[in-house]
Structures are given as C-alpha cells and as structure tokens.
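Order of the sequence lines fixes the chain letters, A, B, ..., with proteins taken first and strands second; residue numbering starts at 1 for each chain.
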Amino acid sequence: MSASMEAQVRRDLFDQMVLIRTYEEAVLREYHADKKPAFDIGAGLIPGEMHLSAGQEPVAAGVCAHLTTDDAVTATHRPHHFAIAHGVDLQAMTAEIFGRVDGLGKGRGGHMHLFDPATHFSCSGIIAEGYPPAAGQALAFKRRGTDRVAVAVTGEGAANQGAFHETLNLAALWKLPVVFIVEDNDWGISVPRSASTSVADNAARAASYGMPGVRVEDNAVEAVYAAAGEAVERARNGGGPSLIEVHTLRLWGHFEGDAQGYRADLEGVPGKDPIPTYEAVLLEQGVIDDAAVAASRKNASEVVEAAIAFAKASAEPDPATVLDHVFA
Amino acid sequence: MSASMEAQVRRDLFDQMVLIRTYEEAVLREYHADKKPAFDIGAGLIPGEMHLSAGQEPVAAGVCAHLTTDDAVTATHRPHHFAIAHGVDLQAMTAEIFGRVDGLGKGRGGHMHLFDPATHFSCSGIIAEGYPPAAGQALAFKRRGTDRVAVAVTGEGAANQGAFHETLNLAALWKLPVVFIVEDNDWGISVPRSASTSVADNAARAASYGMPGVRVEDNAVEAVYAAAGEAVERARNGGGPSLIEVHTLRLWGHFEGDAQGYRADLEGVPGKDPIPTYEAVLLEQGVIDDAAVAASRKNASEVVEAAIAFAKASAEPDPATVLDHVFA
Amino acid sequence: MTTTTEQPTRRLNTAKAMVEAIAAEMERDENVFVLGEDVGAYGGIFSSTTGLLDRFGPDRVLDTPISETGFIGAAIGAATEGLRPIVELMFVDFFGVCMDQIYNHMAKIHFESGGNVTVPMVLMTAVGGGYSDGAQHSQCLWGTFAHLPGMKVVVPSNPADAAGLMTAAIRDDNPVVFMFHKGIQGLPWMAKNRRSVGPVPTGDHVVEIGKAATPRPGSDVTVVTLSLSVHHALDVAEELAGDGIDAEVIDLRSIVPMDTEAIIESVTRTGHLVIVDEDYQSFGLSGEIAARIAEHDPTILKAPISRVAVPDVPIPYARPLEYAALPTPARIKAAILQQTGR
Amino acid sequence: MTTTTEQPTRRLNTAKAMVEAIAAEMERDENVFVLGEDVGAYGGIFSSTTGLLDRFGPDRVLDTPISETGFIGAAIGAATEGLRPIVELMFVDFFGVCMDQIYNHMAKIHFESGGNVTVPMVLMTAVGGGYSDGAQHSQCLWGTFAHLPGMKVVVPSNPADAAGLMTAAIRDDNPVVFMFHKGIQGLPWMAKNRRSVGPVPTGDHVVEIGKAATPRPGSDVTVVTLSLSVHHALDVAEELAGDGIDAEVIDLRSIVPMDTEAIIESVTRTGHLVIVDEDYQSFGLSGEIAARIAEHDPTILKAPISRVAVPDVPIPYARPLEYAALPTPARIKAAILQQTGR
Ligand SMILES: Cc1ncc(C[n+]2csc(CCOP(=O)(O)OP(=O)(O)O)c2C)c(N)n1
Ligand SMILES: Cc1ncc(C[n+]2csc(CCOP(=O)(O)OP(=O)(O)O)c2C)c(N)n1
Ligand SMILES: [Mg+2]
Ligand SMILES: [Mg+2]
C-alpha cells in the first residue's frame, strides 16, 4: 500500500507526527520545568494532570489527514495529538494549557477541556463520554444535508464503559456519519488490557452493532491512514459509522509523574517509537531525505515554540471574572 | 429434543407456565377491579405501574427449572414470572404487590422491587441495572467456592443500555458464574426492536465478550430449557457466563392501561400465546391428558387465590412507621 | 417578558400546553427537534409530545433506544452544532444512568469553553409521586440538579407557566432542565388535580425564567413552594382563609435561578415561613431557601421555619406510607397552623 | 465508641491511615475485599490501597475495567450476599456514570426490602480541588450524595479520623460513602497540608459515624466545616486568636448523619456562624446547616450567616480563577472578620 501512496501524503503524515511529538516534548519540558526538585502537580506554569500522547501520533495523523475543519473531532483526556492533527489553533490551545486569557477557554478549561468551535474540536476528561456528543454532531451534520463527519476517539480501556456501547448502537441505528477510533495503547493507567477487556480485539465488537470494524496493528500510520480513508469516505457517502482500533503505544507514563512501576514491558518501549521507525522507512524509500527531516523538525520547533511563547505572554485570568461564562 | 426429554420435566414446565399465567390473570383482575369506570393508576387495592409477563412464561419456566433457591435471580420491572418460577413465596410476594405488612418488603418495595433473601431473588425498575448486581452475586458465590449461579434478566430494549455492556465484559473477564437472559418481546414500551437495536440478534453480541450466546426462537419453552441447561451447567462448572436471548411475546400491553395504539402486530398476538401451543403439543404427544390440564389449572388457581387472599388479609403499613428501614 | 394577561386564552391541560409550546417553536425554528424514549407514536409516557410525530414527522421527533447517556449526549453534541434539541428523560429518577452527560457535559461545556460554545437545549423530565410507583419512579430530585452549576432548572405548576416557561427554555441559549409533575399533566389515567387544566394565553407567550409568581398574596405566613405542591398550598390557604389565616403562596417556577428577592420580600412582611417541597428534605431546596434568608437577615423570621418535605426516606410503595412521606395538604395545614400559633 | 486518646499512636499520613484501617479489617474479616480502578499494583491513584495487593493477593484486591456501573453494581450484589466490599470510585466527579447503582440500588435496596436485605459496603472516593485539575476532576459533591437517602456520608479531615471512620464504615451494615480529600492524603506528588500527617491510635480504633469534633473551641464565632477546609479554618483561627478573636472550629466528620446538636450548641454560644464548604454553595451542605438552625431557633443568630463555598461555578482550571472559587484561608478570614465586626 505504501508504495502506491502519494509521496506528499506520506511526507505530510511524517510532518504531522513530528509536529505532535515536538509539541508534546515542549509541553513535557514546560510542565516539569518549575516542578523541581520536588514534583508538585499543582505547581508551576502548567499545573494539573498532564496526559501526553507521545507514541500515539500515528493515530491522529492517519485519521485527521482525511478531515477538514468542517468535520468534528472529540478527543479524550489525552487530546493534544488529535487537536494538533485536526488543525486547532496551536497558540490558543497552548494558552489554554497554560491557563491564560487567550486560551481556547480563556483559562477555564485546561488541557482536558479544549473546545474549538472553529474546527469543531472538543474533548472530555471523562472516559468514553466524548462518544455520545460526537454522535450528536454527526446527527446535526446529517440533518443539515452536509457530508461532514464526526470522529470520536477513545482508549481501549474506555471501550468497556457503557457510553461506548450506547453510542455505537445509536450511531449504527441512525446511520450517522461517525468514525469511532479506539486507541489501544495496551494500558488504562496501570491496568493492562488483559485485565480490563474480555476479548482481544475491540474492532471485533463492531459486529455487535452491524458496523464495519477494523484493527490496525503495529501503530502503522499508513495503515491507519488507509483504514480511516475508507471509514471517512463511507460516512461522507451516507454509509454510516465505522470502528477503527489502532494498536498504538503509550511511550510515556499515563500522566506526568507516573513512575510506571506496574509496567513490565517498560524496557522494550523506546524501541517501538513510531517516529524513528517511520522516518527510517521514508528515508530508505527515498520519500524524504535528511534535509527534509531536519526541515520538518525545525519547522515544528518554530511553530511550537511560538505557541509556547504566545501562551506565556498571555495574561492570567483576573480572579474577579471567576463567575463569568457559567451561563450564556 | 422434546422426544428425549423426560415427560416429568415437560409436565413441570407446563405446570409452571400455567401457574404464572394464572397468577398474572389474577393480578390483572385485582388490579383493574377497583379502577372502574375510570382507570386511575394510583387507585385501588393494587396501585402503581403494573407490568405483567403474560406470554413470557416460557423464558422463566425454562430457565428456572435448572435452579435451586441457592441460586440467584435478578429480574426486571416485569418480574413476576421469574419470581414465581424461582420459587419466591407467593403469599409474601403478593402481599408486597398489595403493599401490605406481610409483603416481602413490608409494603416498601412494590411490584418492581421484590427482594427475597430466601431465594436470592431481586429485581429493579431501572432498565438493565439488575445486571451488575447479579455479577456481584456470582462473584460472591465464586469466592466462597460454591457452584451456585446467578441469573440476570433483561429485555431486548434494555440490551442497549450501558450496564448491559459493562456487566457482560466484567463477567466474562472474571469468568463469573452468571447466565444472562435477554427476553426479546419485540418491544420496549412503544419502540420496536428495529427502532432501538442496530442488529437483529442480541445473542450475537455475546461474541463481543468472548462468551457463548444463543438465540432461542419461537418462544419455545423446551428450547429455552435446553439452552439454559447448558449455560447453567457451564456456569456451575467454572466455565463462566453465557448469554441466552429468547424471542418471546408480550401478550398484553407494556403496562396495564397501555392501549397499544402503536402496535401494528396486535391482531396476530393472541394466536401466538405459548401456553395453548405447548398444551396442544403435550396433549398430542400424550404427555398430559385433559385431566392433567384441568388439575394443573385447578392447582394453580388454588395457590394463586390463596396468595391473593393472604395479601388482602394482611394489614396496611402504619404511616407512623414511614421512617423505618432507611438504615439497618 | 412575562405573560401579558390581556392576551386571549384557551383552556388546556399542562401536557397539552407543553406540546403546544413545543410545536410553536418547532414551527418557528427548524433547528428545534425532539428526541427521547417513546416520544413518537406513543406521544410521551406523560403526554409531553402527543401529536408531534404526526405534525413534524420522524426526522424531527425521534424515538430513541433505551440509552440515556447515548441520546442525551447526542442532544448535547447536536446543540453545540447549533441545533436546539428538546430531549426527554422519561422519569427524573433515571438520571443516574446519564448524569455524566448532563452535569459534566451539558452544564459545563459553555464554561469550559470560556463562553465560546453554547449548548442551547431543553432536558425535559417527569417528576413526582403520589400514585404508588415506588422508590425508583416517584422522586422530584430538583435539588440534585440545582446543586450542580451550569444548568437552569425550571419547575412549572400550571398549564400557562408550563407553556410560557417551555417557550423561554427552548429560546434560551443555555441548557434548561424542565421538570414537569405527572400530577398536573392532566393525564386521563391519573387522578387529576383540578388546576391541571387552565387558561393558556395564545400567541407568543413567554414566562421569564427566574421570576416567582404569587398566586395568593397574604400577610400572616409565607408558603414557598413549587410544582404540584403549589396547588396543595393554595387549597390549604383557601381553607384557612375561612379561619382568618391569611397565607401567602409563592410559586417559585424556577429554582435556578431562584427568585430570592420574592421570598425575602414576602417573609419580611409575614415573619413566618413554611417551605413545601416534594423533594427530599435535607441538602436541597428547603435548605437553600433557609440559607438565603439567614444570609440576608435572620431576624425577619419571627419563628422557627417549617419544612414540609419528604423526610429523607426513599418514596415508599404502599399508599399509607407514601402519603406519610409526601407533603400533603394535611401536613401543610399543620405547618401553617403551627406558624400562626393556632 | 470514639477514639480513646490514651491509646498509643504512630504518625501516619491520611492515605496510610486509610490503608492500615482497611488492612486491619481485611485481616479480621475475610468477607472484606477491595475493588476498583488501579487499586492493585498502582495502589490507588490517591494511595488509598497502597500495598494491599501484596498483602492480600489478587483475590481480595481486584483491579477492574473502567466500568463503574458494572463494578460498583457488582459490589452491591456481593454485599447483598454477605460480603463486605470496599469499592473505589476514583474521583467523585465520575459519579454521573454510575449514580444509578449508587442511589437507586446501593442506597435503596435495604429500604425496599423492608429491612430484609442489608448492603454492607463502603464506596470510597477522592474529592477536592486546588491543583488545577479542572471542572471534571476537582469537585467535592458531598451535598449531592447527602441529599439522597439511604447512604451514610463520611468526610474525614485527618489521619486519625480517616482510620477510625474507615473502620466504622467497614463494620457498618449500611452503605457508607467515604470521601477523602486529595489534599490531605499526604501524597508525595502534591503540596501537602501540614496536618496530612498526624498521630493515629494503634489497636482497635473506631470513630463513631455521626459525631462532629471540635478541634478548636472558641467563643466568638462558630466555623462549621469539614475535610480539607478544617485545616484552613484552624490556620485562620490560630492567626486571628492573636487579634483577640476566638473562633470555634467544628469538623463535621460526617454529614449523613450530621451532628446538628453540636452545631446548634456552638452557635447558641457564639451567635455567629461561618460555614466553610468546598462543595458548590447552593442547594447543598451550607443550606442544610442554615435550615437546621432556622428550624430550631433563628434567634440564636446574632448576625446574618456567612457562607464560604464554591460560588456555583464549575471549578475553573487556571489557578487564579480556581483559587477565587475555592474556600481559601483569605475568604474564611474575611468572613470571620465580618462576623465579628472587625
Ligand atoms: C468514567 C471515568 N472513569 C475513570 C476515569 C479515570 N481515568 C482517566 S484516564 C483512565 C485510563 C484510560 O485508559 P484508556 O481508555 O485506555 O486511555 P489511555 O489513557 O490509555 O489513553 C482512567 C481510568 C475517568 N476519567 N473517567
Ligand atoms: C434507565 C431506564 N430508562 C427507561 C426506563 C423506562 N422503561 C421502563 S420499561 C421500558 C421498556 C423496556 O423494554 P425491554 O427492555 O424490552 O423490556 P420489556 O418491557 O419489553 O419487558 C422503559 C423504557 C427505565 N425504567 N429505566
Ligand atoms: Mg489505553
Ligand atoms: Mg422488550
């Protein structure tokens, strides 16, 4: 498949993954910068829980390559990769993560609550509860006669939550234009999928709803791209929802500060990083060269650092405004 | 299969179904007796919503034939057939339905809230929410090293509720001794299964949890008996949970007072009554004769009328005790 | 913004008044649509949607699976995209299967987005007991919703308010929880409160959310209440008027926002407060009313307040027990008599 | 039944105190077991189960799928069969995905069964904000639980009470919701309140559920509070003692049952009431306290009461906003000063 894929698409996938990783590394740096020597979750320029998506770039890059900002994406507590790949304004997003007035939510939301009407992006910190609203966005798109689609993301741990089941049934029943993504990174915090999920494969659960389900192995970005292409196309053409599970990788801890003492597979993890792997393939196949890699990184770095600088320069919210925005 | 079945088992199934139907007819009579001429749901000796199980006798009879009162059954808002088949004391149950002090819940519970510790029977008026506690009962049975099983019942409409999914996954994951029953009577109040369920068959959903699933067609009591026998056996032997969906029949309205204006299939319904059908088969095959049928009905009638008389003779709760039993 | 009483009226029961208001808004705005369990052919278990399917078709009146998290969540997503869903939770008692969508999403998205996303929707739900439906089908629970910020909570007591508040709720850009009592719907299969049928203004009839009504002014004691209990309070007040007790009855109509001023103004005049609340007594509406007075000026109370609420017991099934728990006219009367020293 | 202070003590943080109490009960009674998300190898996200898996093995310390309705419901079923589960809901904020099991089942089965079935279980859950975890991970919500009858609600503020109340909760034949504040667990990765480590009696240490404590007696003003806010109140009271203001601090320790007598006794002496509550202000704990006073005798209040609570706004993420919403020492101090006319 990769042979037949347009080189530009492959370069874009790579650039997207690099951008995401660069972003997560920068957030990681800023998050920990002023939490030393003793880690304090509530301290520093970026406080609160921080769930980073390093290792899961192939999912967001492969899926969002098929979307425009007219399409909707609802992400999870681990939302950055999808927000970036879907084109959420990086500066406003970063300002939100820093809790500033120029943030997407004027500092009210934070890293698990990023809402961007311009790109129909949202997320939720509650497991699987982003699925039902995504079905509703799809319903709105369908009622209006558009070919827009909604993408809903969740983890493999979340696939055992009731909302998952209810939404898949509803979307299939009403033939809604949704693509359901399950990011299987093998872990739900400290619980391995074998201790949470009675079957090996969530894609197989799609059959329970009469919708197509595929599982993409090996965190393979181009396979994600292909599967998502089909599913998005189906949704746009009135063919209803699909489920795609991607076997991906949690490169870092569940959240920052997670020592991962429970994780037996820890040693092998760095070797599975999808970015160097993909880079090597593209280099070998001559799709990119070293200069392109360097340019990709440099561009990503500039964009990301600009966003961080923007966030830092933005004002903190005025405590006197604490009661604002409860009601419209 | 029926040929090889013991005649006594077949007679017992028939008697059980007759007993249930006789009970439901008596409740129907008592429920409406003093709601004339104008139906008032809150009036009369039996007030409140009343969900009767006529037509669904094959499910309860076929399943509970394999249980002892050491096993647990959690039923739904439509619980009488399972309570009776499981051996709940008919007098205490009836007194509860009449809201009397000798009732299972001393009048606190009512027809949707029948709790009988002696037979580990319970039910809930909330859709699918009887499933999780059943898993917990099974967990308790398993931890104690017994071979007792828990049976959890729900309707086909309820199978689209999140609790259904969560419990099936949990039970399969922990290999709990549960048998999950779905009573598919084609309707969830006024909503046909085609408007609620994205697939034709809930038994097929068992595959999502790696558990065996079977669908019994035609409301066939002996097929239910056979399927339940296998499933109960598997659970007792440590083989984990199973799902059985029975295509059954809602002979009457969703609840009493339901005119069923929405129901297109209404005309054909009486002809599908499973009791005359089964009676004809057993008569034809010489398993029972007219005298046995008459005896079955007479016995049922005596038992049921005694229960109703008991209930009516029991005192109403004293309003001064309203605050009792909130805490142990 | 509130009812102009000069408008011509027609007599409707509360259910019909709600349906008419919904239908009018559906005519006016194609973004308005209805979804929920049995809202289609059945017309709503408590008749809140009767006839809408015939009038507007299955694209705008959607029967759903029994998946409250799924379809209420879907309503939320649709609202964030500019539709204006009216979604029914059949009994408020079922909130526990879907509360995350309601309070963590419907009620918070606007805030978390810094005001950039609006969630214009109505969550309508039936409340109340009195017909032996037991502990899982008889609750009011408005206190539970009102405690959690980000949603308005509207609780009408009569047909005109039901219509006017429904219209206001649909037009509101915020999520509004609309709680209607089964006992005032005017259902053909339930004992009817005589005031479940009443005049409803025709034309554009809007009742502002947040303003209490005073269906009976009085000078001796203030009875603050809402929903079905308004009628019990009025009945008792009328009866006691014959004995020379002049009770004022305040119908809150909404509790988020709550018309604190109306309460304080009245209690300042009467010095005596009876709160009648069909929800559980503790940690709910009656407490909040007491706190707002105590924050304002406890000395306006000439006597300890009286609470006539469900005494922290699940609603019992048996009629004698249920009626011992409910705020009955007898209990209201006793409280008023106690307040007035009779 | 309450702590004998003569008992020898050792210094533990609150998390460790909880774990020790759970472990002791697990030793004592094989029916006691623990289940929840990440309670095994991880030891509980807020360290409420650290070490239990090693000590008792996977048959008695069960990691669960992320299926709160499923596993809390399973705990209920197990409890009805005589086991005594301790089930963790990781953050109280997640109650919305499983509230039906909690309030319609756990809390009502005993009642609906006419007392024939008991549901002896502990639902433990982390509460509270202050570290920028946003609107879905920072709530207290005890008012929500306390409003719904049939479950006890316990809210300890320090290690000794956490241990003694946990023991009482496990031995209680009723469902007990045990709400522990993250800010007093003594977590290594969160700013610690200095009182998150303290003496815990050894041996059989039980704190009776329903009895408030008065960690600081005083005569000028009564500060009624619970959980983390107790420490803020004590800090402020100590500071103001230097200015000649003698504040009494009442630590409720449980709110169902709530020690109404202790509150009334104190306010009767001081005449001034400040309620400090990290839950949402309206329709919650502060209202209930006000109502119980107003029912008893509003004239014991020499001034309007003060409420220092979260002002009906979702908990904001940004620190300056979050701390404007939380009941901070500064807000408590201002309230006390206002009460005492300074
Ligand atoms: C309803 C609910 N339960 C529990 C949590 C706490 N929690 C946050 S993330 C997480 C694990 C999620 O695992 P998974 O879905 O696999 O996503 P991942 O973190 O691996 O991306 C849990 C249990 C939550 N946020 N919501
Ligand atoms: C969570 C919840 N939602 C809705 C209801 C209202 N309700 C009671 S019975 C019922 C239909 C159930 O259909 P099904 O599961 O097929 O069972 P049946 O009535 O056909 O036996 C509904 C919607 C409820 N009790 N609980
Ligand atoms: Mg995962
Ligand atoms: Mg059905």
Side-chain angles (χ1 to χ4, degrees), chain A residues 35 38-43 46-49 77 96-101 103 105-113 124-129 155 157-163 188-193 195-198 254-255 257-258 261-263 316-326, chain D residues 36-45 53 58 62-71 73 90-91 93-98 100 129-138 182-183 187-192 280 310-326 328 330:
Chain A
K35 290 191 183 62
F39 181 86
D40 172 1
I41 190 173
I46 307 179
E49 278 179 68
H77 58 286
E96 187 59 27
I97 294 170
F98 277 77
R100 304 303 172 94
V101 292
K106 302 182 185 132
R108 271 77 184 164
H111 129 88
M112 285 189 276
H113 310 290
S124 170
I126 309 294
I127 282 305
E129 296 281 330
N160 297 308
Q161 181 74 218
I189 309 186
S190 71
V191 179
R193 72 174 284 129
S196 73
T197 309
S198 58
H254 170 72
F255 38 30
D258 176 6
Y262 53 81
R263 193 162 170 186
E316 289 200 297
D318 179 354
T321 65
V322 63
L323 299 182
D324 291 0
H325 307 306
V326 180
Chain D
E37 292 156 16
D38 305 285
V39 299
Y42 198 103
I45 294 299
L53 176 65
L62 286 74
D63 272 335
T64 62
I66 313 174
S67 308
E68 286 84 357
T69 289
F71 71 78
M90 190 190 289
F91 288 70
D93 312 68
F94 309 156
F95 85 92
V97 302
C98 52
D100 187 73
Y131 61 102
S132 290
D133 220 2
Q136 295 177 335
H137 288 76
S138 304
K182 304 156 200 169
L187 303 169
W189 45 275
M190 196 180 280
K192 267 175 281 297
Y280 300 116
V310 175
D312 300 339
V313 59
I315 312 287
Y317 168 70
R319 197 179 296 119
L321 295 174
E322 183 179 19
Y323 276 83
L326 291 174
T328 51

Should Gln161(A) and Thr69(D) be marked as a side chain to side chain contact (heavy atoms under 4.5 Å, CB included) after you check the CA-CA gap, both sets of side-chain angles, and the distance that decides it?
CA-CA 8 Å; Gln161(A) 181 74 218; Thr69(D) 289; 5.7 Å; no
Determine the minimum heavy-atom distance between [X] and [Y], stating which atoms define it.
X	Y	answer
Gly125(A)	His137(D)	O-CE1, 3.4 Å
Leu323(A)	Pro311(D)	CD2-O, 3.6 Å
Gly99(A)	Ala318(D)	O-CB, 3.3 Å
Met112(A)	Asp133(D)	CE-OD1, 3.5 Å
Pro316(D)	Val322(A)	CG-CG2, 4.2 Å

Got a second to check how far His111(A)'s NE2 is from Ser132(D)'s OG, nearest 0.5 Å?
12.0 Å
If I take atom OH from residue Tyr131(D) and atom CD1 from residue Ile41(A), how far apart are they, to the nearest 0.5 angstrom?
6.0 Å
Return yes if some donor-acceptor pair links the side-chain N/O of Asp40(A) with the main-chain N/O of Ala191(D) below 3.5 Å, else return no.
yes
Test item: Arg319(D) side-chain N/O and Gly42(A) main-chain N/O as donor-acceptor pair under 3.5 Å
yes
Measuring heavy-atom distances to chain D, does [X] have an atom under 4.5 Å in its side chain, in its backbone, in both, or in neither?
X	value
Ala43(A)	backbone
Ser198(A)	neither
Thr197(A)	neither
Ala38(A)	neither
Lys35(A)	neither

Does some side-chain heavy atom of [Y] sit less than 4.5 Å from a side-chain heavy atom of [X]?
X	Y	answer
Val191(A)	Glu37(D)	no
Leu321(D)	Arg108(A)	yes
Pro47(A)	Tyr317(D)	yes

Given Ile127(A), Ile46(A), Ile126(A), Val326(A), the one with more heavy-atom pairs under 4.5 angstrom with chain D than any other is Ile126(A)
Under 4.5 Å from any heavy atom of chain A, what part of [X] do you find: side chain, backbone, both or neither?
X	value
Leu62(D)	neither
Ala135(D)	backbone
Tyr323(D)	neither
Ser67(D)	both

Which one wins on heavy-atom pair count under 4.5 Å against chain A: Ser138(D), Ala41(D), Pro320(D)?
Pro320(D)
Based on non-hydrogen pairs under 4.5 Å, which of Asp63(D), Val313(D), Ile66(D) is most in contact with chain A?
Ile66(D)
Side chain to side chain contact (heavy atoms under 4.5 Å, CB included) partners for Ser190(A), two or more places apart:
Tyr262(A), Asp38(D), Tyr42(D)
